[in-house]
Novice: 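Can you keep this structure in mind? I'll have questions shortly.
Predicted model only: the values in this text are computed from it and were never measured. All residue numbers refer to positions in the sequence shown, counting from 1.
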Amino acid sequence: MSIRNRLLIIIFVVVLINGAGFLFVTYSCERRAARNNNSNDEEFLTVEYLQKMMFPGGMYSGFMSPGNYTIASRFGNNLLANQNLMSMFKELRSQFVFFFLASIIIGLLVSEITARKILNPLNEIANVSNEIAKGNYNVEIKEAKTPELRRIVDSFRIMKNGLAEFEEEKERTESIEITKTLAAGIAHEIKNPINTVGLIVDYLQKNLNPEDPKKSYEFYKLTENMKNELKRINRIVEGFLRLTKPDVYNFKKSNVNSVIKETVSVLEPEAIKQNVRIKLELCNTIPSVYIDRDRMNQVFSNLIINSIEAMPRGGVITISTDKIQDGVVIVIKDTGIGIEKDNIRKIFSPYYTTKKQGFGLGLSLIHGIISRHRGKIFVSSEVGKGTEFTIMLPEGDGNEG
Ligand SMILES: Nc1ncnc2c1ncn2[C@@H]1O[C@H](COP(=O)(O)OP(=O)(O)OP(=O)(O)O)[C@@H](O)[C@H]1O
Ligand SMILES: [Mg+2]
């Protein structure tokens, strides 16, 4: 039975009991008054007697019947004459129909308002659930008004966000798995022809260099270009191959600062070329944490390269570390072009890129690596001002996450 019907039945029952009680009290008081009247007794009814009649055993509560108040206020504390009483009870009973109807109308209104207050948020939760079932997690539920419903809505919201995160993570993992399978096939097929072409170019350079110095210079330049392009393809293939490596992590207790210094020393020459200064603000007292140094190297190097690429006219990358409860926090901040608000949620998805030569894989890989360290990565960015990536790593215990 619906909540609305249940409320209606409760209100009808209350009104009926109240009405029956009222009729019973007025009839029995009237009978008593009539008896006294006929016997010409000196006995008068008192207000206390009426009150006793109106609250038999405390079950029949006075506030339910407006008639009770009418009696009490009309008679005050005076002794009541039997004759007066009889006409009073008759009058009260004729008013009873009005009270009864009024109680039912008020009851209907109260039950409708209460049912709406309860049902509206529940209906909304049902609608949002349907949307979620269709895969749409961008629906919001309105704030509930009562504390009990607010608790239900809050729990639902937590569940919805958890599901959305889980779904995103699942999509990400599935895409990475597909990429890995694809990459393994492509890398395998491309690697051998690249090597062969590389050997042919080397052979050409060594043995078929034209004698004419002008042509020889041109020949050398073109073959060098070919070698550079081959190197680039090779690097891409190596990247794919790295993806296909078994997902084994080698967790060792290490100092994050030393990994950062290592990565920076490799990338600094490229940064200087691009007019980018790398500033280190490392905290010397951070605790050692269980990490896979190679993978963390990959994380920092991808972030630094992204930052360099985001500052085509140069700028500053600030890398800082600090200790937090049970771990360390690393912040990598640049003064680059920034990321549009709408794009921020896409950047960790595989294949999302805004670069001509990008694959859109760097950040999704980083996300996977940080998750395996049971860490967290956040980003905040402002267009035209720069971007800041924050990584939190727990101390860990050397067991895989
Ligand atoms: N520091 C940054 N400043 C501005 N935009 C950034 C920054 N880092 C990442 N992005 C944005 O996020 C996108 C995804 O980055 P991600 O590293 O995953 O891929 P990519 O750099 O485009 O390609 P690659 O696979 O070669 O790394 C970038 O294309 C860029 O739009
Ligand atoms: Mg990148």
Novice: Starting at CG of N195, measure out to CG of L230 and round the result to the nearest 0.5 Å.
Specialist: 9.5 Å
Novice: Look at atom CZ of R345 and say whether more than 12 heavy atoms of other residues, nucleotides or ligands are closer to it than 6.0 Å.
Specialist: no
Novice: Looking just at side-chain N and O atoms, do N234 and K231 make a donor-acceptor pair shorter than 3.5 Å?
Specialist: no
Novice: Side chains of K333 and T387: does their closest heavy-atom pair fall under 4.5 Å?
Specialist: no
Novice: Is the shortest distance from a Lys or Arg side-chain nitrogen in R151 or D154 to a carboxylate oxygen in the other one below 4.0 Å?
Specialist: no
Novice: Are any of the side-chain nitrogens in K279 or E281 under 4.0 Å away from the carboxylate oxygens of its partner?
Specialist: yes
Novice: Do T321 side-chain atoms and C283 backbone N/O form a donor-acceptor pair below 3.5 Å?
Specialist: yes
Novice: Testing the 3.5 Å rule here: is there a donor-acceptor pair between the side chains of N255 and S288?
Specialist: no
Novice: Do the ring centers of F251 and H373 come within less than 6.0 Å of each other?
Specialist: yes
Novice: Atom CD of E262 and atom CE of M296: how far apart are they, to the nearest 0.5 Å?
Specialist: 12.0 Å
Novice: Tell me, do L267 and S301 make a side-chain contact under 4.5 Å, heavy atoms counted?
Specialist: yes
Novice: Please round to the nearest 0.5 Å and tell me the distance separating atom CZ of F348 and atom CD1 of I370.
Specialist: 9.0 Å
Novice: Under a 4.0 Å threshold between the charged nitrogen and the carboxylate oxygen, would K227 count as salt-bridged to D202?
Specialist: yes
Novice: Taking C-beta and beyond as the side chain, do Y220 and N225 meet within less than 4.5 Å on heavy atoms?
Specialist: no
Novice: Test of understanding: with salt bridge (Lys or Arg N to Asp or Glu O under 4.0 Å), list the residues that count as partners of E140, not counting sequence neighbours.
Specialist: K160
Novice: R293 and S258: side-chain donor and acceptor closer than 3.5 Å?
Specialist: yes
Novice: Return the CG to CZ distance between N228 and R232, rounded to the nearest 0.5 Å.
Specialist: 10.5 Å
Novice: Do we see a donor-acceptor contact under 3.5 Å between the side chains of T335 and K385?
Specialist: no
Novice: Going through the distances and angles, do E388 and V379 end up as a side chain to side chain contact (heavy atoms under 4.5 Å, CB included)?
Specialist: CA-CA 6 Å; E388 183 177 299; V379 58; over 6 Å; no
Novice: Does any non-hydrogen side-chain atom of I304 lie less than 4.5 Å from one of I317?
Specialist: yes
Novice: Is it the case that atom OH in Y351 sees more than 12 heavy atoms from other parts of the structure closer than 6.0 Å?
Specialist: yes
Novice: Under a 4.5 Å cut-off applied to non-hydrogen side-chain atoms, are V289 and S254 in contact?
Specialist: no
Novice: Any side-chain heavy-atom pair from V276 and V316 closer than 4.5 angstrom?
Specialist: no
Novice: Considering residues, nucleotides and ligands other than E224, do more than 12 of their heavy atoms fall under 6.0 Å from its CD?
Specialist: yes
Novice: State the CZ-CD1 distance between R116 and I113, to the nearest 0.5 angstrom.
Specialist: 8.5 Å
Novice: Check this for me: K273, atom NZ, are more than 12 non-hydrogen atoms of other residues, nucleotides or ligands nearer than 6.0 Å?
Specialist: no
Novice: Would you say that more than 12 heavy atoms from the other residues, nucleotides or ligands in this model lie under 6.0 Å from the CD of E218, or not?
Specialist: no
Novice: Side chains of I319 and V331: does their closest heavy-atom pair fall under 4.5 Å?
Specialist: no
Novice: Heavy-atom count check: over 12 atoms from other residues, nucleotides or ligands less than 6.0 Å from D212 CG?
Specialist: yes
Novice: Would you say F378 has more than 12 foreign heavy atoms packed within less than 6.0 Å of its CZ?
Specialist: yes
Novice: How about NZ on K376, more than 12 heavy atoms from neighbouring residues, nucleotides or ligands closer than 6.0 Å, or not?
Specialist: no
Novice: Working to the nearest 0.5 angstrom, can you tell me the gap between S265 OG and I278 CD1?
Specialist: 9.5 Å
Novice: The test is side chain to side chain contact (heavy atoms under 4.5 Å, CB included); show your working for L303 and I391 and say whether it passes.
Specialist: CA-CA 11 Å; L303 288 175; I391 297 173; 3.8 Å; yes
